Every structure is written in C-alpha cells, then in structure tokens.
Amino acid sequence: LAKTTQPISMDSYEGQEVNITCSHNNIATNDYITWYQQFPSQGPRFIIQGYKTKVTNEVASLFIPADRKSSTLSLPRVSLSDTAVYYCLVDNTNAGKSTFGDGTTLTVKP
Amino acid sequence: DAGVIQSPRHEVTEMGQEVTLRCKPISGHDYLFWYRQTMMRGLELLIYFNNNVPIDDSGMPEDRFSAKMPNASFSTLKIQPSEPRDSAVYFCASSLAEFPLRGYTFGSGTRLTVV
C-alpha cells in the first residue's frame, strides 16, 4: 500500500477556500485516492474519491495531477462545522482494506 | 437505513473482565470491518469479514481479541481478559464491496475504558 503524507494541522477562517494536499509518491497504477472526514466522537465519513484529473461533488473537489504523486482536497467556503480531521487514503481493489494515516486536523475560526 | 449501529456507545470495565462490542452493518453490505482508534496509533484495522467469513485478521493485536460474524446482520468483537492498554474507540464499518466507490460507512464507535 502506498504511504501518504499530509500536514498535521491547518487553520482557516469561515468563508475561505481550504486546500489540503496529500503526497503519495509510491502510488500504484491501479490505486485510487479517497478522502474521509472525521468529527470528534464519530466515525470517519467518506467525502470523495478519484483516480486522475478532477472530481467534484456537492461537498468538495479533488485535484490529481498527471503524475498522481499527490492530490489536493479543496473545500469551498468552509464554515465552523467543517472543523474536523481529514484523511487521505490510497488503495485499490486488491488491497482488501483501507489504511488510514495520521490525517490533517483542520480548524476553522470565525 | 439507520446506518451501521454499534453498541454500547461507552463501556467502562475493570482490568481482567471480558468485554463484548457489537455491530449491526447496513443491510446488504457484504463486507464488515473492525477498526481501533487511539491517540498514539491512529486508526488501525483489526479484522474484516466478507459474507460472514473472516478474511484478514492480521491486525488483531493478540489472542485476547476475537471477532465473530454469526450472520449477515451481526458481528461481535470480544476482548478477554481486558487490559488498560485496550482503552480506545472501536469502530465498525461496512461496505458493498471490498473496495467501494463510495467508501466505507462507519458506525459511531464504542469508547472502551479499562481501569
């Protein structure tokens, strides 16, 4: 499984766009990139998943460059309720399980 | 659907006692995962099942831990005897596939404190 590296923490203010970058230099050809969000006292929640270029849903966008060695989760106009830990995972259909790294603690301030 | 349901939400027990954590996956999900989360080690996969059969238990810390899935709607994680270092939040998750396109659905977890 490819190892991922994320910033330990980030601060932002309400209304700003937040970009969290994840490095995965050893990503394999059949690996996908998945992001989860975890609030205190809750289990992780799926946010978005992608393989290449750009994926967008109602919550976030995921940008993946051509070499796929990194990815960026973009949260538009964050609010206080977006304060959470965000995990980047790299896995594939043969992995059989998802391995969570240390995640990025995002704190949104008023 | 009510999502993945775990019970109890909180458990406090004395060292040496047996602890049983319970999980009801989402109906129709063929995969069930047990994770443990601590400040020191983060989220660790303990074991996962496919169609009620254990597939990979390499994350189970030691023989004191055991997990069963007697049917498609119920799984247990048992610790016997419990030790203070087992204190953690234990999450159960389920999914339609081994590598689901919409990720895993996690329960709210069971916070275990062993004193």
Side-chain angles (χ1 to χ4, degrees), chain A residues 1-9 22 24 27-52 55-60 62 64 71 73 84-106, chain B residues 2-10 21 23-26 29-51 53-60 88-112:
Chain A
L1 294 174
K3 178 179 170 56
T4 60
T5 303
Q6 307 174 232
I8 294 175
S9 63
C22 179
H24 27 80
I27 190 168
T29 302
N30 57 346
D31 281 341
Y32 281 73
I33 300 148
T34 309
W35 285 80
Y36 285 82
Q37 173 191 57
Q38 185 179 24
F39 297 115
S41 302
Q42 294 186 28
R45 182 176 73 103
F46 172 87
I47 300 176
I48 196 166
Q49 185 180 80
Y51 183 80
K52 62 180 180 181
V55 180
T56 298
N57 61 23
E58 64 278 5
V59 177
L62 178 59
I64 306 167
S71 59
L73 175 72
V85 179
Y86 292 82
Y87 295 95
C88 163
L89 282 74
V90 174
D91 51 22
N92 59 66
T93 56
N94 296 320
K97 55 189 177 184
S98 285
T99 301
F100 287 79
D102 293 333
T104 297
T105 299
L106 171 66
Chain B
V4 175
I5 300 173
Q6 293 186 246
S7 63
R9 284 301 308 274
H10 303 275
L21 311 181
C23 175
K24 175 179 170 55
I26 291 174
H29 281 193
D30 293 331
Y31 289 83
L32 183 140
F33 305 80
W34 282 100
Y35 282 86
R36 177 174 68 175
Q37 186 171 38
T38 62
M39 289 294 292
M40 291 297 295
R41 301 176 65 90
L43 268 163
E44 304 173 276
L45 178 66
L46 301 177
I47 185 172
Y48 78 95
F49 296 82
N50 177 27
N51 290 326
V53 176
I55 303 300
D56 185 347
D57 65 354
S58 60
M60 296 287 262
V89 181
Y90 291 81
F91 289 104
C92 176
S94 70
S95 67
L96 281 168
E98 194 168 25
F99 179 70
L101 295 180
R102 293 288 296 173
Y104 305 123
T105 302
F106 282 78
S108 297
T110 294
R111 181 175 295 277
L112 174 65

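Proteins get letters first, then strands, A, B, ... in listed order; numbering begins at 1 in each. Source: prediction; values computed, not measured.
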Practice problem: May I have the step-by-step check of ring pair (Phe, Tyr, Trp, His ring centres under 6.0 Å) for B:Tyr35 and B:Phe91, ending in yes or no? | Solution: CA-CA 5 Å; B:Tyr35 282 86; B:Phe91 289 104; 8.3 Å; no

Practice problem: Determine the option with the most heavy-atom pairs under 4.5 angstrom with chain B, choosing from A:Gly101, A:Gly103, A:Ser41, A:Pro44. | Solution: A:Pro44

Quiz prompt | Partners meeting side chain to side chain donor-acceptor pair (under 3.5 Å) with A:Tyr86 (sequence neighbours left out) | solution = A:Gln37

Quiz item: Can you tell me how far the CG atom of B:Leu32 sits from the CD1 atom of B:Ile26, to the nearest 0.5 Å?
Solution: 10.5 Å

Self-check item: Which atoms of B:Gln37 approach chain A - backbone, side chain, both or neither, heavy atom under 4.5 Å
Solution: side chain

Quiz prompt | Region of B:Arg41 in contact with chain A, defined by heavy-atom distances below 4.5 Å | solution = neither

Quiz item: What residue among A:Val55, A:Asp91, A:Ile27 forms side chain to side chain contact (heavy atoms under 4.5 Å, CB included) with A:Ile33?
Solution: A:Ile27

